Amino acid sequence: MKEKNKNLGFLFLTTIVIGFVIYSVVNHFNTINKSAKKIEYVANRTKYLELIDDGDNWLNKRDWYNAIFKYQKAYDLFPKEYDINYRLVAAYCYRCNAEFINCKEAKELLDKILNDYPNKQELLKLKESLEFEYQIN
């Protein structure tokens, strides 16, 4: 009986030690994973801001194609950010108004963004300019 209690005690202690080791290992890997995700986020955020800056430079030169290209890459990184959605739709609208290219894309994206942000004045101005262009043609 004494031997049986000793074995049960040893089994109980072993189970607790193994459980603690497993918990520690899992916790360690979760910490590493969180750190990796944070590093990835910072890297993506830096790239996102660089792409926006490049897109803004192309937009200021009225090079709609390259502005849209850069903005699309930034959008792919953070598609829910309002700033990139606005810049992308603005570039499409400017291209449509200047070259009559990407008008369908401009209207579709503008409608989508207006659905999420119906009171943004800058979006409403883009819509007015786009509708004006569509009325002429």
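Everything numeric in this text was worked out from a predicted model, so none of it was measured.
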Output the distance between atom CG (N115) and atom CG (L123), rounded to the nearest 0.5 Å. 11.5 Å

Going only through I, L, V, M, F, W and Y residues with side-chain contacts under 4.5 Å, is there a path from L114 to Y92? yes

From I39 atom CD1 to N44 atom CG, the distance as rounded to the nearest 0.5 Å: 12.0 Å

Can the positive tip of K120 be found less than 6.0 Å from the middle of the six-membered ring of Y82, inside 45° of the ring normal? yes

Nearest non-hydrogen partners of A106 and V89, listed with the distance: O-CG2, 3.7 Å

With a 3.5 Å cut-off and no angle check, do the side chains of N85 and E81 form a donor-acceptor pair? no

Shared hydrophobic cluster for L110 and I101 (ILVMFWY, side-chain gaps under 4.5 Å): no

Side-chain contact, heavy-atom cut-off 4.5 Å: Y94 with L126? yes

Once rounded to the nearest 0.5 Å, what's the spacing between atom CD of E105 and atom SG of C93? 11.0 Å

How long is the gap from CD1 on I52 to CD1 on I84, to the nearest 0.5 Å? 4.5 Å

Would you mind writing out the side-chain donor-acceptor pairs for residues 54-67 within the sub-3.5 Å range, not counting sequence neighbours?
residue : atom : partner : partner atom : Å
D56     : OD1  : Y71     : OH           : 2.5
D56     : OD1  : R87     : NE           : 2.9
D56     : OD2  : R87     : NE           : 3.4
D56     : OD2  : R87     : NH2          : 3.2
N57     : ND2  : D53     : O            : 3.4
N60     : ND2  : D56     : O            : 3.2
D63     : OD1  : N66     : N            : 3.1
D63     : OD1  : N66     : ND2          : 3.4
D63     : OD2  : N66     : ND2          : 2.9

Would you please test C96 and N102 for side-chain contact (heavy atoms from CB on, under 4.5 Å) and show each step? CA-CA 6 Å; C96 173; N102 292 123; 5.6 Å; no

Min side-chain heavy-atom separation L77-K47 under 4.5 Å: yes

NZ (K107) and NZ (K104) are apart, to the nearest 0.5 Å, by 11.5 Å

Verify same cluster id: Y86, L51 (apolar side-chain graph, 4.5 Å): yes

Nearest heavy-atom approach of L124 to P118 is CD2-O, 3.9 Å

To the nearest 0.5 Å, how far apart are CD1 in I16 and CD1 in I18? 11.0 Å

Check step by step if ring-ring contact (aromatic ring centres under 6.0 Å, His included) holds for Y41 and Y48. CA-CA 10 Å; Y41 174 82; Y48 168 80; 9.4 Å; no

Between the side chains of K112 and D116, is the shortest nitrogen-to-carboxylate-oxygen separation below 4.0 Å, so that they form an ion pair? no

